[in-house]
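The structure appears below as structure tokens.
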Amino acid sequence: MSDDRARALEPTPGGRYAPATAALSPIAMPVVIVGAADGARRSCATATVMYVSLAPPQIAVALHPGSRTTVLVRATGELSISMLATDQLDVAVRAGRSGRESDKFAAAAIPVQEPPAGFAAPAVAGSLTILWCRVTHEIETGDHVLVIARVEDHLSGATPGGQLLRADRRYAALGDWLSGVAPENYPV
Ligand SMILES: Cc1cc2nc3c(=O)[nH]c(=O)nc-3n(C[C@H](O)[C@H](O)[C@H](O)COP(=O)(O)O)c2cc1C
């Protein structure tokens, strides 16, 4: 994120983002890196994600239209979603600063997982899980664009657990499991 944009996003009392800070920041979200590429231009941005359909599997990310990564996602209609682990906190911090170079992965020293056949979007090597997705819907939502995308390929990494989360404007770890797998039989 550029210094100017970071300053603009800083919630000042009564400022534009104060309601979001108060009402939305308690919502715990998984921290991901959105990756995209258009030819030699490669970019990535820290974001959060949720699933919005199970069959077919689809996810949603709210992207700022001014982000370079958003421009590449919209131009190509594809993106990678790298689910970060707690030991990748430094990646979340680096990708959260706006890049001016044409290859933000290289400029921010973010390790690249090359995409599978049929995709161009690079992802973050060493992530818990990586999803490669094609955009199905774009919906303008206030100051963001909600991008809904179908998951077409994925790479599962380490054993479950260890997810990096964001809540109360801080990074956090998942903590202990409180049940066995799907006691109510829900598929995810
Ligand atoms: C924890 C965290 C979560 C973020 N979530 C989002 C998000 O969901 N959508 C978004 O557009 N930007 C989000 N950002 C901001 C982008 O990562 C940031 O603006 C980045 O600099 C964009 O880079 P780019 O301009 O090189 O694409 C988040 C930043 C942090 C630190």
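Just so we're clear, the structure is a prediction, and the values are computed from it rather than from any experiment. Both ligands and their constituent atoms are indexed starting at 1 by order of listing.
A search for side chain to side chain contact (heavy atoms under 4.5 Å, CB included) contacts involving Leu174 returns Gln163, Leu165, Trp177, not counting sequence neighbours. When the side chain to side chain contact (heavy atoms under 4.5 Å, CB included) test is applied to Pro57, the partners found at least two apart in sequence or on another chain are Val151.
Those atoms of ligand 1 that come under 4.0 Å of a heavy atom in Tyr171, given as number and element, are 1 (C), 31 (C). Close contacts between ligand 1 and Arg166 involve ligand atoms 1 (C) [criterion: under 4.0 Å to a heavy atom]. Every atom of ligand 1 is numbered from 1 in the order shown, and the set under 4.0 Å from a heavy atom of Lys104 is 23 (O), 24 (P), 26 (O). In the vicinity of Thr69, heavy-atom distances shorter than 4.0 Å reach the ligand 1 atoms 24 (P), 27 (O). Below 4.0 Å from some heavy atom of Ala95 lie the following atoms of ligand 1, by number and element: 17 (O), 20 (C). Under a 4.0 Å criterion applied to the non-hydrogen atoms of Thr48, ligand 1 contributes the atoms 8 (O). Within the listing of ligand 1, atoms 26 (O) sit less than 4.0 angstrom from a heavy atom of Gly99.
Residues Ser102 and Arg41 meet the side-chain proximity criterion, which asks for heavy atoms closer than 4.5 Å. Side-chain contact check for Arg100 versus Arg68: some heavy-atom pair is nearer than 4.5 Å.
Heavy-atom separations between Leu63 and ligand 1 include at least one value shorter than 4.0 Å.
Which of Thr46, Val49, Val32 comes nearest to atom 13 (C) of ligand 1 through a heavy atom is settled by distance: it is Thr46.
Here the rule is side chain to side chain contact (heavy atoms under 4.5 Å, CB included) with Ile148, and of Val135, Val52, Val61 only Val52 fits it.
Residues Trp132 and Val147 fall into different hydrophobic clusters, defined by Ile, Leu, Val, Met, Phe, Trp and Tyr side chains chained together at heavy-atom separations under 4.5 Å. Under a hydrophobic clustering in which Ile, Leu, Val, Met, Phe, Trp and Tyr are joined whenever their side-chain heavy atoms come within less than 4.5 Å, directly or via other members, Ile59 and Leu128 fall into the same cluster.
Contacts between Ser43 and ligand 1, counted as non-hydrogen atom pairs separated by less than 4.0 Å, involve the side chain only. In His64, the parts holding a heavy atom less than 4.0 Å from any atom of ligand 1 are both the side chain and the backbone.
Taking any N or O of Ala62, backbone or side chain, at least one lies under 3.5 Å from an N or O belonging to ligand 1. Among the atoms of Gly96, some N or O lies under 3.5 angstrom from an N or O of ligand 1. Checking only distances, Thr70 never comes within under 3.5 Å of ligand 1, N or O to N or O.
No side-chain donor from either of Gln113 and Ser127 sits under 3.5 Å from a side-chain acceptor of the other.
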> Taking it one step at a time, do Arg166 and Tyr171 satisfy side-chain contact (heavy atoms from CB on, under 4.5 Å)?
Replying inline: CA-CA 5 Å; Arg166 178 82 173 189; Tyr171 293 101; 3.3 Å; yes
